[in-house]
Q: 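My questions all concern the structure below.
Residue numbers start from 1 in every chain, and the chains themselves are labelled A, B, ... in the order their sequence lines are given, proteins ahead of strands.
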There are 2 protein chains.
Amino acid sequence: MKSTIKENIEEKLKQELTIEEYEKFTLLLEPLTIQKKQQLVTEDRVCKYLYFVEEGVLHSFLTDDNGENHTIQFGFEGHWISDLYSFVSNTTATFNIEALEETTILAISKSNFEKALNDIPKFERFFRILIQNAYIQSQHRIAKNYSDDAEHRYLALIKQQPDLLQRVPQYLVASYLGIKPQSLSRIRQNLSKK
Amino acid sequence: MKSTIKENIEEKLKQELTIEEYEKFTLLLEPLTIQKKQQLVTEDRVCKYLYFVEEGVLHSFLTDDNGENHTIQFGFEGHWISDLYSFVSNTTATFNIEALEETTILAISKSNFEKALNDIPKFERFFRILIQNAYIQSQHRIAKNYSDDAEHRYLALIKQQPDLLQRVPQYLVASYLGIKPQSLSRIRQNLSKK
DNA sequence: TTACTTTATTCACATAGGTGAACGAAAGCC
DNA sequence: GGCTTTCGTTCACCTATGTGAATAAAGTAA
């Protein structure tokens with residue numbers, strides 16, 4: 001189940017890292033473990049790290065003016081997660097990031113991130129590809145939100161990630177789909193009748 | 001009104017390009033002009049370029065299973081636009097890109113793009129920052145779509161881009177907001193009563 | 001100018017998803 | 001083991017937005 005950062009980088013670069021590159025990079029990472037319900041990032045504080053999930057799950061969410069939470073992203077093994085705007089611009093975060101189970105993480109601080117970009121040429125490319133993939137996904141998510149109703153989005157989601165409901169509570173899946181838990185219940189009820 | 005690519009790059013890099021860098025880069029670009037309603041990218045064909053808008057406006061949109069169009073993005077002067085997934089993976093595009101008025105563009109092909117990444121070190125960084133900003137924006141757009149209703153999204157949009165309705169027809173603004181033209185009409189009517 | 005097409009408005013009615021409450025089941029805790 | 005909190009379901013009712021049609025206004029072409 002554990003995901004290694006070396007494989008993650010090599011897979012995106014479609015190229016192996018040399019031992020020196022990997023060791024140089026490893027020195028810049030800070031391992032940490034957080035418990036279920038602990039927050040890694042809290043809105044109104046600056047998000048000072050990028051996080052790579054080795055094992056476990058996190059979610060990033062936004063608390064709106066009515067105090068409701070909206071899950072923007074899940075971070076499973078092998079994902080990178082952060083409040084990127086807060087990280088790059090040193091402003092207070094708009095998202096919270098919280099563990100959904102005990103999670104082991106590798107964190108890279110902004111100064112170490114910049115060191116990596118400058119000292120390890122491949123790293124700038126790696127990070128470009130990482131963000132590029134994330135951006136493509138988010139464009140498609142916006143597109144699907146426009147063209148599909150909640151039932152279709154739910155079906156597409158569990159098709160793409162069949163174990164999702166085993167790993168995270170249903171009300172967070174509803175939130176990620178942009179609907180209320182009751183509505184997801186209703187949708188599942190309708191589907192089971194078909 | 002015209003936007004220059006040199007300024008666009010330097011602004012993102014927060015650093016000036018040398019004359020050599022700029023000239024090397026310029027050689028990789030293909031200028032073109034397209035007329036209103038012409039398509040730059042068509043779904044089901046591969047998108048072979050990244051496009052920088054010098055002057056004019058484009059929009060990218062998706063045609064759904066009911067034949068309805070959903071505007072995903074507007075590309076004004078100074079914006080880059082493409083079907084990035086199609087471009088990077090050489091698969092057929094899911095989005096269309098069409099001019100909303102006569103538009104002048106600089107296009108960079110995939111092979112030239114790769115040449116730029118490899119030959120001009122700053123370019124990899126520039127492109128990383130470009131995508132990073134786009135990704136941050138799209139994350140915030142997803143978040144706002146979850147927490148705000150159409151009226152709030154409309155108000156936020158015209159506040160952020162007050163000339164939008166002068167440049168593009170209202171039904172495209174509605175589409176971008178994820179609602180029907182009639183609904184935007186109704187929202188505007190309610191607002192004018194307040 | 002006239003004619004034709006595209007865009008915006010308004011209305012009556014339909015529907016997906018939201019709301020708040022009640023209830024039971026499951027999970028964590030002492 | 002029982003107690004308490006969290007989670008999922010169901011229901012009756014509500015609301016924002018969609019639908020389809022009619023009409024007007026604006027834009028374009030001849």
Side-chain angles (χ1 to χ4, degrees), chain A residues 35-38 57 59 61-71 74 98-102 142 144-158 164-194, chain B residues 35-38 57 59 61-71 74 98-102 142 144-158 164-194:
Chain A
Q35 298 307 315
K36 187 168 176 170
K37 298 201 176 169
Q38 264 194 285
V57 206
H59 75 310
F61 63 96
L62 170 87
T63 302
D64 72 18
D65 299 340
N66 302 317
E68 301 202 2
N69 291 160
H70 303 272
T71 286
F74 293 110
E98 189 179 297
L100 299 175
E101 52 188 66
E102 182 179 337
I142 289 172
K144 288 292 170 198
N145 282 183
Y146 281 178
S147 59
D148 296 358
D149 65 16
E151 182 175 313
H152 285 99
R153 298 201 304 276
Y154 170 67
L155 288 171
L157 185 62
I158 54 172
L164 186 63
L165 283 173
Q166 277 71 260
R167 303 242 4 227
V168 308
Q170 191 172 310
Y171 72 93
L172 289 181
V173 174
S175 176
Y176 180 80
L177 290 168
I179 59 175
K180 299 284 150 171
Q182 297 97 313
S183 299
L184 181 51
S185 245
R186 171 162 45 195
I187 285 169
R188 284 160 53 85
Q189 182 187 223
N190 289 341
L191 286 170
S192 69
K193 282 182 195 155
K194 289 185 184 168
Chain B
Q35 299 306 313
K36 186 169 177 168
K37 296 201 177 168
Q38 267 193 283
V57 207
H59 74 310
F61 63 97
L62 169 87
T63 302
D64 71 17
D65 299 339
N66 303 316
E68 301 202 0
N69 292 159
H70 303 273
T71 286
F74 294 109
E98 188 179 297
L100 299 175
E101 54 186 65
E102 183 179 335
I142 289 172
K144 287 291 170 198
N145 282 183
Y146 282 178
S147 60
D148 295 358
D149 66 15
E151 181 174 314
H152 286 99
R153 298 201 303 275
Y154 170 68
L155 289 170
L157 184 62
I158 55 172
L164 186 64
L165 282 171
Q166 277 73 259
R167 304 246 358 230
V168 310
Q170 191 173 310
Y171 71 93
L172 289 181
V173 174
S175 176
Y176 179 80
L177 291 169
I179 58 177
K180 300 283 153 173
Q182 296 97 312
S183 299
L184 181 52
S185 247
R186 171 166 40 202
I187 286 168
R188 283 159 52 84
Q189 183 188 224
N190 288 342
L191 287 170
S192 71
K193 280 183 194 155
K194 287 181 187 169

Q: Quick one: A/Tyr154 OH to D/dG8 P, roughly how many Å, whole number?
A: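 Checked: the OH to P distance equals 11 Å.
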Q: Check whether A/Thr71 reaches the backbone of A/Ser175 with its side chain - one donor and one acceptor, N or O, closer than 3.5 Å.
A: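 Absent.
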Q: Let me check the geometry of the helix from C/dT1-D/dA30 to C/dC30-D/dG1. What is the bend angle between the axes at its two ends, five pairs each, to 10°?
A: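 Rounded to the nearest 10 degrees, the bend comes out at 50°.
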Q: List the protein contact pattern of nucleotides 13-30 of chain C with one symbol per nucleotide (5' to 3'): B for base contact, S for sugar-phosphate-only contact, - for none; contact means a heavy-atom distance under 4.0 Å.
A: ----BBBB-------S--
Q: The criterion is side chain to side chain contact (heavy atoms under 4.5 Å, CB included); which residues satisfy it with A/Gln35, sequence neighbours excluded?
A: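 With sequence neighbours excluded, A/Gln35 shows a side chain to side chain contact (heavy atoms under 4.5 Å, CB included) to A/Thr33, A/Gln38, A/Glu102, given in chain and number order.
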Q: Rounded to the Å, how far apart are B/Asn145 CG and D/dA16 P?
A: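 It is 17 Å, rounded to the nearest whole Å.
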Q: Partners of B/Asn69 by side chain to side chain donor-acceptor pair (under 3.5 Å), sequence neighbours excluded?
A: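 Expected list: B/Thr63.
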Q: I'd like to check the side chain to side chain donor-acceptor pair (under 3.5 Å) partners of A/Asp64; sequence neighbours left out, ordered by chain and number.
A: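 Side chain to side chain donor-acceptor pair (under 3.5 Å) check on A/Asp64 returns A/His70.
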Q: Got a sec, which residues hit ring-ring contact (aromatic ring centres under 6.0 Å, His included) with A/Phe74, two or more places apart in sequence or on another chain?
A: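 Counting only residues at least two positions away or on another chain, A/Phe74 forms a ring-ring contact (aromatic ring centres under 6.0 Å, His included) with A/Tyr176.
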Q: Please list, chain by chain and in numerical order, all residues satisfying ring-ring contact (aromatic ring centres under 6.0 Å, His included) with B/Tyr146, sequence neighbours excluded.
A: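 So B/Tyr146 forms no ring-ring contact (aromatic ring centres under 6.0 Å, His included) with any residue.
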Q: Per the salt bridge (Lys or Arg N to Asp or Glu O under 4.0 Å) rule, what does the pair list look like for residues 165-178 of chain A, sequence neighbours excluded?
A: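 Only A/Glu77-A/Arg167, A/Glu101-A/Arg167 qualify under salt bridge (Lys or Arg N to Asp or Glu O under 4.0 Å).
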Q: Got a sec, which residues hit side chain to side chain contact (heavy atoms under 4.5 Å, CB included) with A/Arg188, two or more places apart in sequence or on another chain?
A: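 Listed in chain order: A/Tyr154, A/Leu165, A/Gln170, A/Leu184.
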Q: Just the rounded figure in Å: distance from P of D/dG27 to CG of B/Leu100.
A: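 The distance from CG of B/Leu100 to P of D/dG27 comes to 16 Å, rounded to the nearest Å.
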Q: Could I get the full list of side chain to side chain donor-acceptor pair (under 3.5 Å) partners for A/Asp149, not counting sequence neighbours?
A: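 Once residues adjacent in sequence are excluded, the partners of A/Asp149 under the side chain to side chain donor-acceptor pair (under 3.5 Å) criterion are A/His152.
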Q: Do any of residues 165-174 of chain B sit with a heavy atom less than 4.0 Å from DNA chain C, and if so which?
A: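 B/Pro169, B/Gln170, B/Tyr171, in order of number.
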Q: Just to verify, what does B/His59 make a ring-ring contact (aromatic ring centres under 6.0 Å, His included) with, not counting sequence neighbours?
A: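 So B/His59 forms a ring-ring contact (aromatic ring centres under 6.0 Å, His included) with B/Phe61.
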